[in-house]
Protein chains: 2
Amino acid sequence: MLAIGQLSAETGTKVPTIRYYEDIGLLPQPERTAGNQRRYGKRQVDRLRFIRHCRDLGFPLSDIRALLDLSDDPDRSCASADTIARHQLREVERRLASLASLRQELCRMIDQCAGGTVADCHVIESLADHAHCIADRHMTPAPMEQHVDPPRRDPA
Amino acid sequence: MLAIGQLSAETGTKVPTIRYYEDIGLLPQPERTAGNQRRYGKRQVDRLRFIRHCRDLGFPLSDIRALLDLSDDPDRSCASADTIARHQLREVERRLASLASLRQELCRMIDQCAGGTVADCHVIESLADHAHCIADRHMTPAPMEQHVDPPRRDPA
DNA sequence: ATGGGACCTCCAGTAACTGGAGGTTCAAGG
DNA sequence: CCTTGAACCTCCAGTTACTGGAGGTCCCAT
């Protein structure tokens, strides 16, 4: 049985974040000691690792919740799991494409930055200029979702 | 001179977001009509497009602010712009690797999900299991981040 | 001159955490 | 057995980057 701090160390998740996940029902309420401290078993460790892995890949908690709900009810038809998984796959592929083009652009920016002054720095120039940016694609139409959440800073 | 709604349409930025950028000092206070409505010129359009482009590429506003401050003072060295871009590139590559492995796992899940019940889907198992996941690298205790930006949040 | 759409400010809410205050519990050392 | 201090508890406020609504004002085409 792990205390919350050990679970934290084990999974690279900050302690308040674990409690937060419990608050919003992503993690079930764990056992408690006589003195009211949380104690976690292996299942919880796996579940938290799963959540963190998904979060790290940029999935919103709502999607993660859908996956978890599904796996909490193992008698459900596989069809819905399949649907969700396929949806996730499409999302992943979309993000992959988008990141690949971003990578290209960043590389080009860095290559062009020859170390002079800002006046002739192409990093800023190329960020102001949209002409050759593939990423423009997903600014032009008006899709439902534009809040792609920004990359999380690494946990220290 | 554009009204805020036209600037919004022009740049694909929601109206409240434009006002928010003004509040936090990313956009300067624009001219106003006699009746107190905002009017924007071409420079502002460019600046907003720059901001949106950066956001779209995943830069946090603090980095964008740094970039803008930098470009407002073009005699400075471009080294810090380069640093920011390199930092973004590392992050992007990390996410690319992670997503590629998730894609593989999702494909495997979908292949295995041949119409039974969720119990046989191994959703949790495959995502909780890091054995073959490249993303593990940065879950292990590797404190290497020293990027701290000052929490200056005052407008004007 | 008027009507309705676009604009104004202010405030509250969202996701997904993060951190601090003030108090309690656990377990190792004396 | 008792002390001590690190780790735990709850509650609450703050963070980033927006988003939306209420209630009121302005602009301009008819």
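A, B, ... follow the sequence lines: proteins, then strands. Residue 1 opens every chain. The figures that follow rest on heavy atoms only: side chains count, while hydrogens, waters and symmetry mates do not.
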Could you list the donor-acceptor pairs under 3.5 angstrom formed by side chains in residues 27-38 of chain A, with sequence neighbours left out?
from	atom 1	to	atom 2	distance (Å)
Arg32(A)	NH1	Asn36(A)	O	2.8
Arg32(A)	NH1	Asn36(A)	OD1	3.4
Thr33(A)	OG1	Gly35(A)	N	3.2
Thr33(A)	OG1	Asn36(A)	N	3.4
Thr33(A)	OG1	Gln37(A)	N	3.0
Gln37(A)	OE1	Arg39(A)	NH2	3.0
Arg38(A)	NE	Glu22(A)	OE1	2.7

Can you tabulate the close N/O pairs, meaning under 3.5 Å, that link protein atoms to atoms of nucleotides 4-6 of chain D?
none

Would you say [N] has OP1 or OP2 under 4.0 Å from some side-chain N or O of [X]?
X        : N       : value
Arg38(B) : dT9(C)  : yes
Thr17(B) : dT19(D) : yes
Arg32(A) : dC8(D)  : no
Tyr21(B) : dA17(D) : no

Rounding to an integer number of Å, can you tell me how far [X] [atom1] sits from [N] [atom2]?
X        : N       : atom1 : atom2 : value
Ile51(B) : dT16(D) : CD1   : C1'   : 15 Å
Glu22(B) : dT9(C)  : CD    : C1'   : 12 Å
Ile18(B) : dG20(D) : CD1   : P     : 14 Å
Gln6(A)  : dA27(C) : CD    : P     : 9 Å
Asp23(A) : dC11(D) : CG    : C1'   : 10 Å
Tyr20(B) : dC11(C) : OH    : P     : 17 Å
Leu2(B)  : dA6(C)  : CG    : C1'   : 14 Å

Over all atoms of both residues, closest heavy-atom pair of Phe59(B) and Arg55(B):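 Closest approach of Phe59(B) to Arg55(B), heavy atoms only: O-NH1, 2.7 Å.
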No-hydrogen, no-angle side-chain donor-acceptor test under 3.5 Å, Arg47(A) and Tyr21(A): no
Please indicate whether Arg103(B) has more than 12 foreign heavy atoms, meaning atoms of other residues, nucleotides or ligands, lying under 6.0 Å from its CZ. no
Would you mind classifying the nucleic acid contact of Ile4(B) as base, sugar-phosphate or nothing, using non-hydrogen atoms under 4.0 angstrom?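 It contacts sugar-phosphate atoms only.
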Please name all residues satisfying salt bridge (charged side-chain N to carboxylate O under 4.0 Å, His left out) with Arg19(B), sequence neighbours left out, ordered by chain then number.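 Salt bridge (charged side-chain N to carboxylate O under 4.0 Å, His left out) check on Arg19(B) returns nothing, list empty.
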For Arg86(B), check salt bridge (charged side-chain N to carboxylate O under 4.0 Å, His left out) against everything at least two apart and list the hits. Asp82(B)
Validation: residues 3-10 of chain B side-chain donor-acceptor distances under 3.5 Å, sequence neighbours left out:
from	atom 1	to	atom 2	distance (Å)
Gln6(B)	OE1	Ala3(B)	N	2.8
Ser8(B)	OG	Thr13(B)	O	2.7

Closest nucleotide among dT19(D), dA16(C), dA17(D) to the Arg55(B) side chain: dA17(D)
Is there a side-chain contact between Thr11(B) and Ile51(B) in this structure, where contact means two heavy atoms from C-beta onward sitting under 4.5 Å apart?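 No, too far: nothing below the 4.5 Å cut-off.
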Tell me, do Leu26(A) and Tyr20(A) make a side-chain contact under 4.5 Å, heavy atoms counted?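 No, side chains not in contact.
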Protein proximity profile, nucleotides 21-30 of chain D - base contact B, sugar-phosphate-only contact S, no contact -, cut-off 4.0 Å on heavy atoms: -----SS---
